[in-house]
2 protein chains.
Amino acid sequence: MARPMRTRRQATLASLAAELGVSRTTVSNAYNRPDQLSPELRRRVLDTAHKLGYPGPDPVARSLRTRKAGAVGLLLTENLSYAFRDPAAVGVLEGLALACEEAGVGLHLVPASPGSEEVAAVHRAGVDGFVVYSVPDDDPHLAAVLSRPVPTVVIDQPSIEGLDRVGPDDSTSIRKMAGHLIELGHRQVGVLCMRLARERNDDFVSLERQRSAHFHVQRTRLEGLAEAFGKVGVDWASVPVVERFEHTVDDGASAARQLLDAYPQVTALICTSDILALGALAEAGRRGLRVPADLTVTGFDGIADAQRAGLTTVHQPVLEKGRVAGRLLLVDNERLEPKVITLPTELRVGTTSAPPRTAEELWFGP
Amino acid sequence: MARPMRTRRQATLASLAAELGVSRTTVSNAYNRPDQLSPELRRRVLDTAHKLGYPGPDPVARSLRTRKAGAVGLLLTENLSYAFRDPAAVGVLEGLALACEEAGVGLHLVPASPGSEEVAAVHRAGVDGFVVYSVPDDDPHLAAVLSRPVPTVVIDQPSIEGLDRVGPDDSTSIRKMAGHLIELGHRQVGVLCMRLARERNDDFVSLERQRSAHFHVQRTRLEGLAEAFGKVGVDWASVPVVERFEHTVDDGASAARQLLDAYPQVTALICTSDILALGALAEAGRRGLRVPADLTVTGFDGIADAQRAGLTTVHQPVLEKGRVAGRLLLVDNERLEPKVITLPTELRVGTTSAPPRTAEELWFGP
DNA sequence: GTGAAAGCGCTAACAA
DNA sequence: TTGTTAGCGCTTTCAC
């Protein structure tokens with residue numbers, strides 16, 4: 001089983017053909033079209049190949065010739081390492097991997113850190129198409145992907161005209177949540193949201209920044225909330241929104257802390273993800289606030305941990321997002337018109353939302 | 001921003017050169033060696049490229065010419081989708097992704113289902129090297145990888161002479177656990193282990209199957225246990241070992257059920273992974289067994305959930321495994337001698353292990 | 001600073 | 001069934 005560390009490519013298809021005294025076509029056929037030559041000849045070719053240490057047709061050369069790389073690229077502007085930590089992202093990856101398995105193609109993860117302007121890796125990726133997942137609309141890696149002459153499908157964001165896209169209807173989805181909270185009677189709400197732009201801002205968010213957010217999923221959710229609450233007389237300008245660049249439970253907790261420190265009168269914390277909401281829950285516990293009696297907390301995504309925690313959230317089929325995107329790219333790619341697929345979401349009311357305490361309760365207890 | 005679904009490759013480096021009336025070299029230099037031509041000419045080249053819709057040098061053609069694919073392949077004989085579910089595997093992936101990011105190369109996940117004999121995807125992968133993670137020594141995909149003339153490093157298993165390998169010392173590690181249990185006084189133990197071969201066997205494991213297991217990590221752990229317990233007079237042939245093909249918490253629970261149903265006298269359940277142990281814990285609860293008073297349960301890996309559950313386990317640095325493997329392949333690959341890197345492990349005694357109840361306690365209560 | 005020549009290793013018409 | 005001919009699109013000496 002021993003083998004040298006760096007085996008030099010010894011033999012090529014051509015040298016093998018020469019050795020055998022047959023044409024290159026024949027050798028090629030031995031590997032790619034067994035029916036095109038006699039079993040005996042094929043055996044002889046394969047045996048000699050083995051003897052000469054010929055490892056079979058070079059994949060890169062073959063790709064150049066056939067114009068098929070046999071892989072799809074995945075661009076997500078988040079440290080890959082982190083992506084594996086977010087259950088929602090893992091779900092998407094899982095679905096995409098499933099679609100790739102079905103089609104027998106590789107999944108090429110493109111290295112692209114959020115801060116980096118280094119897009120060479122995108123240009124270097126030998127892939128037949130790209131899946132872009134949750135990337136800001138002004139990201140340089142995205143621009144690099146768009147410059148490549150291969151089909152591309154976007155999951156969630158950005159929304160680019162002419163491109164296939166898979167995702168939930170964020171506007172409608174978040175309005176279900178808003179409706180739920182409004183019905184319960186909440187008017188003093190606060191929001192915890194994810195990164196709105198490439199520039200870091202772990203702080204309260206101005207209306208201007210909300211409006212111009214480069215992550216349109218977040219922007220749309222904020223807009224939806226603003227409009228829904230506006231309709232019942234809440235001035236959105238007075239609603240505190242706290243942003244976090246990193247998407248972790250701890251960041252959710254610190255965001256909740258920052259918001260509640262400044263706005264203790266808030267009766268509901270609306271989070272644009274379950275991860276942030278889980279953090280908010282932890283912070284509520286730390287402050288001795290009972291959920292939902294003293295504070296309502298809601299999330300978005302419907303990850304397993306959220307369900308376990310009884311979180312009121314909007315569930316979206318994350319695995320399905322990845323799988324559908326993969327299939328769009330791999331099997332259903334003969335279309336001329338771009339396809340936008342909207343996946344269903346569902347409001348899941350858990351045990352973390354309830355009517356706010358009335359003023360009387362606040363003064364006299366329940 | 002609109003763009004056609006399937007953009008045909010319009011321009012090539014050659015056509016661009018022709019259009020500009022310069023040589024191909026010059027165009028190539030404009031992209032790859034900016035210092036080799038005047039800034040003005042470079043601008044002119046790039047501008048014209050943009051105008052003609054030339055997307056820059058084709059990555060596959062470039063790879064063929066430079067003999068560098070800019071990607072490393074990852075082979076794991078597990079549904080990719082599942083790999084994302086196992087925190088230990090995710091840790092490895094994360095570490096590997098980190099190393100790839102550092103080096104600016106892509107990570108190409110090779111589609112290879114455990115049952116499949118379809119190895120074409122391995123041959124088709126345009127990569128500069130492979131990382132093989134937790135694959136049985138007789139897997140056909142592995143053979144395909146070994147036939148490729150590129151450097152390869154193995155994480156955990158199999159152990160192949162001449163190949164780089166990174167992993168813990170399984171024999172020593174499991175003996176720490178055995179020592180702990182022996183010291184506590186356990187002699188009636190049972191074992192839950194992961195898949196031992198490509199053929200499914202969700203059942204008790206014969207000594208023969210233990211000995212001939214194709215996953216040497218599991219084999220080594222079983223051997224270590226057998227030897228350690230043998231030294232204190234335990235006849236390993238009498239020790240029940242239950243195997244599960246799938247590696248999930250639920251499978252751990254069902255394995256524990258199967259074992260305890262048949263061997264209720266067992267005082268300790270040794271699991272070869274935390275996931276299985278977590279399942280065992282759940283099953284113990286279901287049966288009304290208190291852990292560790294009535295039953296000791298131990299794991300292996302040291303994943304976060306295990307720590308949360310207070311599981312007694314052997315911790316291994318999973319992220320480090322991935323990162324080290326990646327670096328071995330990407331930065332430190334000029335060696336001639338294969339390198340075997342053994343990562344440290346640590347016995348972490350939690351709250352799930354305690355001395356077994358004595359016979360008296362069993363009769364008269366503690 | 002720029003160009004000419006020579007492949008990288010392979011597959012796909014088409015012809016024999 | 002097998003061979004001939006033509007590239008796929010690019011980079012890289014090496015001259016000029």
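Chain identifiers are assigned alphabetically (A, B, ...) following the order of the sequence lines, protein sequences preceding nucleic acid strands; residue numbering begins at 1 within each chain. All figures in this text were calculated on a predicted structure; none of them were measured in a lab.
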Polar atom pairs (N or O), protein with nucleotides 14-16 of chain D, under 3.5 Å:
none

Collect all protein-nucleotide pairs involving nucleotides 4-6 of chain D in which both atoms are nitrogen or oxygen and the distance is under 3.5 Å.
residue: D:dT4; atom: O4; partner: A:T25; partner atom: OG1; Å: 2.6
residue: D:dA6; atom: N6; partner: A:R24; partner atom: NH2; Å: 2.9

Given the rule that a pair is Watson-Crick or G-U wobble with both distances under 3.5 Å, how would you write DNA chain D in dot-bracket, using | for pairs to a different strand?
||||||||||||||||

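Both B:L37 and A:A61 sit near DNA chain C, but only B:L37 has its closest nucleotide nearer the 5' end. Each of A:D35 and B:N32 was assigned the nucleotide of DNA chain D with the nearest heavy atom; the assignment lying further toward the 5' end belongs to A:D35.
Listed pair A:R67 / D:dC8 fails the phosphate criterion, with no side-chain N or O lying under 4.0 Å from OP1 or OP2. Proximity of A:N29 to the phosphate of C:dT11: no side-chain N or O atom is located under 4.0 Å from OP1 or OP2. Residue A:T26 places at least one side-chain N or O closer than 4.0 Å to OP1 or OP2 of D:dG3. Of the side-chain N and O atoms in B:Y54, one or more sit less than 4.0 angstrom from OP1 or OP2 of D:dC10.
The separation between A:L13 atom CG and C:dA12 atom P is 12 Å, rounded to whole Å. Taking atom NE2 on B:H123 and atom P on C:dT11, their separation rounds to 13 Å, with Å as the unit. To the nearest angstrom, C1' of C:dG9 lies 15 Å from CG of B:D58. Spacing between atom CG of B:L20 and atom C1' of C:dT2 amounts to 13 Å, rounded to whole angstrom units.
Legend: residues meeting side-chain hydrogen bond (donor to acceptor under 3.5 Å, both in side chains) with A:T48, ordered by chain and number and at least two apart, are absent. Annotation: salt bridge (Lys or Arg N to Asp or Glu O under 4.0 Å) contacts of A:R200 (sequence neighbours excluded): A:D202, A:E246. With sequence neighbours excluded, no residue satisfies salt bridge (Lys or Arg N to Asp or Glu O under 4.0 Å) with B:E19. For B:R327, the salt bridge (Lys or Arg N to Asp or Glu O under 4.0 Å) partners are B:E102, not counting sequence neighbours.
Atom CG of A:L20 and atom CG of A:L41 lie 7.5 Å apart (nearest 0.5 Å). Note that the CG atom of A:L76 and the CG atom of A:L96 stand 10.0 Å from one another [nearest 0.5 Å].
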Donor-acceptor list for residues 126-134 of chain A side chains, cut-off 3.5 Å, not counting sequence neighbours:
residue: A:D128; atom: OD1; partner: A:A69; partner atom: N; Å: 2.6
residue: A:D128; atom: OD2; partner: A:A69; partner atom: N; Å: 3.2
residue: A:D128; atom: OD2; partner: A:G70; partner atom: N; Å: 2.7
residue: A:S134; atom: OG; partner: A:Q157; partner atom: NE2; Å: 3.1

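Residue pairs satisfying the ring pair (Phe, Tyr, Trp, His ring centres under 6.0 Å) criterion with at least one member in residues 319-342 of chain A, sequence neighbours excluded, are absent. Among pairs with a residue in residues 103-122 of chain B, none fulfils ring pair (Phe, Tyr, Trp, His ring centres under 6.0 Å), at least two apart in sequence or across chains. Among residue pairs with one or both ends in residues 142-162 of chain B, none qualify as ring pair (Phe, Tyr, Trp, His ring centres under 6.0 Å); sequence neighbours excluded.
By the 4.5 Å heavy-atom criterion applied to side chains, B:L107 and B:V72 are counted as neighbours. Looking only at side-chain heavy atoms (C-beta outward), B:L146 and B:L142 come within less than 4.5 Å of each other.
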Apply the test salt bridge (charged side-chain N to carboxylate O under 4.0 Å, His left out) to residues A:E78 and A:R85: give CA-CA distance (whole Å), side-chain angles for both, the deciding distance (0.1 Å), then the verdict.
CA-CA 11 Å; A:E78 185 56 84; A:R85 291 256 148 111; over 6 Å; no

Worked check of salt bridge (charged side-chain N to carboxylate O under 4.0 Å, His left out) between A:E320 and A:R323
CA-CA 5 Å; A:E320 212 49 26; A:R323 174 150 49 185; 3.4 Å; yes

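Out of D:dC10, C:dC10, D:dT12, the shortest distance to the side chain of A:R62 is found at C:dC10. Residue B:L64 has its side chain nearest to D:dG9 when only C:dT11, D:dT12, D:dG9 are considered.
Within 4.0 Å of A:V22, counting heavy atoms only, lie sugar-phosphate atoms of the nucleic acid but no base atom.
Annotation: proximity of residues 41-50 of chain A to DNA chain C (heavy atom, distance under 4.0 Å) is found for no residue.
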